[in-house]
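These notes concern the structure reproduced below.
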Number of protein chains: 2
Amino acid sequence: MLHHLIRKLEHFTRLSDDDKAVLQGLSRTVRLLEPGADIIREGDSPEHVNLFLDGWASRYKQLEDGRRQIMSFFVPGDLCDLHVFILREMDHAIAAITPVRLVQVPREVLLGLMDRHPRITRALWWETLVNAAIQREWTVNLGRRTALERLAHLFCELFIRLRAIGLTDGNTCAFPITQLELADATGLTSVHVNRTLKEMRAAGLIILKGRQLTVPDLAALRKAALFNPNYLHLERDGAHLSANA
Amino acid sequence: MLHHLIRKLEHFTRLSDDDKAVLQGLSRTVRLLEPGADIIREGDSPEHVNLFLDGWASRYKQLEDGRRQIMSFFVPGDLCDLHVFILREMDHAIAAITPVRLVQVPREVLLGLMDRHPRITRALWWETLVNAAIQREWTVNLGRRTALERLAHLFCELFIRLRAIGLTDGNTCAFPITQLELADATGLTSVHVNRTLKEMRAAGLIILKGRQLTVPDLAALRKAALFNPNYLHLERDGAHLSANA
DNA sequence: CGCACGATTGATTAGGGTCAATAATGGTGG
DNA sequence: CCACCATTATTGACCCTAATCAATCGTGCG
């Protein structure tokens with residue numbers, strides 16, 4: 001059930017069978033959500049950590065006047081912040097984009113696990129640091145890249161993240177994001193996203209239709225995006241640390 | 001020596017005298033840096049956690065073609081990510097803006113401290129979560145706010161962060177940031193920052209000169225920025241948690 | 001005193017936004 | 001199976017915010 005998370009964590013460190021069993025054991029209370037449903041709302045009290053098993057979701061904020069910014073996308077195997085339950089209330093919302101299946105890991109369960117399984121703990125911290133790095137890269141994306149570069153960068157990032165958990169098929173992956181959502185994630189309008197996608201298709205950078213993304217030439221897309229994958233810290237970063245607990 | 005960090009953490013939870021003494025004990029190897037000096041560079045191996053005692057610094061990334069984005073500002077009492085040393089190499093750089101005094105907390109020292117002092121640990125996690133929230137808010141800032149709103153928001157955030165650690169004097173605080181740096185933080189050009197500052201001064205929103213910022217009417221500035229301070233999670237959030245270890 | 005860096009201003013351009021209409025798509029119920 | 005409705009995608013015309021290019025002016029400081 002948790003193979004996506006496990007597969008992702010193994011990009012950082014090797015996990016023992018016991019580690020994996022412990023992680024599997026997390027999937028007790030599975031929650032199902034329909035597209036568009038709020039998983040958690042601004043102002044809610046976070047009681048547990050959400051672990052996404054299936055489906056896509058977005059983390060977003062809405063300004064008083066309606067302007068909306070998507071701050072991150074969740075895909076299978078993703079985890080919202082490790083210790084959210086420390087905070088009194090959510091400063092943003094998370095909504096399902098597709099049907100979503102997730103586990104709500106209670107505070108005590110997570111803390112207990114981190115007490116007893118240092119290797120998992122370290123891998124989860126890696127996950128947390130990578131998420132922070134992704135958030136920083138989005139800052140760069142919004143602050144210093146052009147419309148085409150922003151979209152290309154987002155496609156690169158998501159394609160590589162999905163590939164890392166085995167959710168790509170050759171150079172194709174699911175991509176259930178509307179142009180309005182792309183706009184809200186890249187700081188553009190949906191009209192301009194549409195025009196930029198047209199340009200990208202004409203340049204042969206992407207094939208995007210029917211909720212599917214195909215990247216005919218990843219190197220070209222990376223170049224167009226000024227994409228440097230170092231911030232994803234894949235490639236078994238943990239190799240420099242002891243393999244023992 | 002560490003009063004800024006301690007004062008900040010106390011916005012989240014009450015610390016015992018022992019807790020404070022332990023934190024004070026961190027300031028062993030103090031490092032001094034000149035303005036403009038790199039504290040850590042992209043590609044470097046992070047060996048410890050940096051704790052800023054004095055001075056301002058910026059976390060930034062530079063694209064191949066020279067475009068630069070500042071992703072965050074460090075002020076006294078700030079801490080770079082708790083577990084950076086888990087990663088193999090830095091995906092960004094940190095540079096001193098003013099003369100900087102910082103402590104490099106070695107990995108073992110930090111882990112040991114977290115083992116033995118759960119209340120401090122929880123406070124440090126709060127710090128980490130707040131930093132993540134700030135990074136997300138910057139995403140919103142760059143993605144969905146106008147030039148004036150972005151600058152106003154940045155001024156609000158920094159003023160409130162500084163006030164939280166006692167580094168404001170009435171409605172005035174130090175502000176050693178050049179217009180070029182403001183531009184790199186807000187995704188604008190320095191020319192446009194200059195024009196926007198002029199507009200803000202004319203509107204009576206700020207007084208900015210001689211590396212000093214005065215906010216004559218914080219409510220007005222907040223309004224102009226669409227600033228909602230909830231993401232800073234001040235106001236003793238930890239009150240809902242047990243005061244015992 | 002002069003030099004560098006930062007601030008300021010003007011003129012012009014361009015990337016992306018706004019407004020508005022139309023065309024596809026896809027799910028639903030009869 | 002098909003008509004219908006609601007999203008989502010696409011396109012055109014026009015506008016505006018912020019970028020670019022290029023001087024000039026301050027000012028702290030060695």
Side-chain angles (χ1 to χ4, degrees), chain A residues 34-37 56 58 63 65-70 95-99 141-154 174-202 206-213 224, chain B residues 34-37 56 58 63 65-70 95-99 141-154 174-202 206-213 224:
Chain A
E34 288 308 301
W56 290 48
S58 70
L63 300 182
D65 64 359
R67 280 176 279 176
R68 190 173 85 124
Q69 176 68 39
I70 290 178
I97 290 175
T98 65
N141 213 26
L142 291 167
R144 287 297 183 226
R145 276 188 258 255
T146 65
L148 192 146
E149 288 164 353
R150 287 184 210 182
L151 286 164
H153 195 279
L154 182 59
F175 204 85
I177 308 293
T178 67
Q179 293 184 1
L180 208 233
E181 285 159 343
L182 280 177
D184 284 342
T186 51
L188 303 167
T189 58
S190 62
V191 172
H192 198 60
V193 164
N194 183 282
R195 293 189 166 120
T196 309
L197 289 178
K198 184 178 176 185
E199 190 186 342
M200 294 178 75
R201 283 191 263 247
I206 54 162
I207 300 165
L208 182 61
K209 69 164 187 247
R211 322 273 98 158
Q212 277 224 331
L213 169 67
Chain B
E34 287 309 301
W56 291 46
S58 69
L63 299 183
D65 64 1
R67 279 176 279 176
R68 190 173 84 124
Q69 176 68 39
I70 290 178
I97 290 176
T98 65
N141 213 26
L142 291 167
R144 287 295 182 229
R145 276 188 259 255
T146 64
L148 192 146
E149 289 164 353
R150 288 184 211 183
L151 285 164
H153 196 279
L154 183 58
F175 205 86
I177 307 292
T178 67
Q179 294 184 2
L180 208 233
E181 285 158 342
L182 279 177
D184 284 342
T186 52
L188 303 168
T189 58
S190 63
V191 172
H192 197 61
V193 164
N194 184 280
R195 293 185 168 125
T196 308
L197 290 178
K198 184 177 175 183
E199 190 186 341
M200 293 178 75
R201 282 191 263 247
I206 55 163
I207 299 164
L208 181 62
K209 69 164 188 243
R211 323 273 99 160
Q212 277 224 333
L213 169 68

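A quick note: this is a predicted structure, and the numbers were derived from the prediction, not measured. Chain letters run A, B, ... following the sequence lines, proteins first, then strands; residues in each count from 1.
- At a threshold of 4.5 Å between non-hydrogen side-chain atoms, the residues B:L197 and B:L182 count as touching.
- A:R150 places a side-chain N or O within donor-acceptor distance of the main-chain N or O of A:T186, the cut-off being under 3.5 Å.
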Protein-to-nucleotide contact annotation, 5' to 3' order, nucleotides 10-21 of chain C [B base; S sugar-phosphate only; - none; under 4.0 Å, heavy atom]: BB----BSBB--
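- Protein atom CD1 of B:I206 is 14 Å distant from nucleotide atom C1' of C:dA7, rounded to whole Å.
- Atoms CG (B:L182) and C1' (D:dA18) sit 16 Å apart, rounded to a whole Å.
- The shortest side-chain heavy-atom distance between A:R201 and A:I207 does not fall under the 4.5 Å cut-off.
- Although no hydrogens or angles enter the test, the distance criterion places a donor-acceptor pair under 3.5 Å between the side chain of B:T98 and the main chain of B:W56.
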Between the protein and nucleotides 4-9 of chain D, are there any N/O to N/O pairs under 3.5 Å, and if so, what are the atom names and distances?
| unit_1 | atom_1 | unit_2 | atom_2 | d |
| --- | --- | --- | --- | --- |
| D:dA9 | OP1 | A:R211 | NH2 | 3.2 |
| D:dA9 | OP2 | A:Q179 | N | 2.7 |

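- In this structure a side-chain-to-backbone donor-acceptor pair under 3.5 Å is present from A:R67 to B:R144.
- Note that CG of B:L151 and CG of B:N141 are 8.5 Å apart. Values are rounded to the nearest 0.5 Å.
- For the pair B:Q69 (side chain) and B:A185 (backbone), a donor-acceptor distance under 3.5 Å is present.
- A donor-acceptor contact shorter than 3.5 Å is absent between the side chain of B:R211 and the backbone of B:T178.
- Rounding to whole angstrom units, CD of residue A:E199 and P of D:dT10 are separated by 14 Å.
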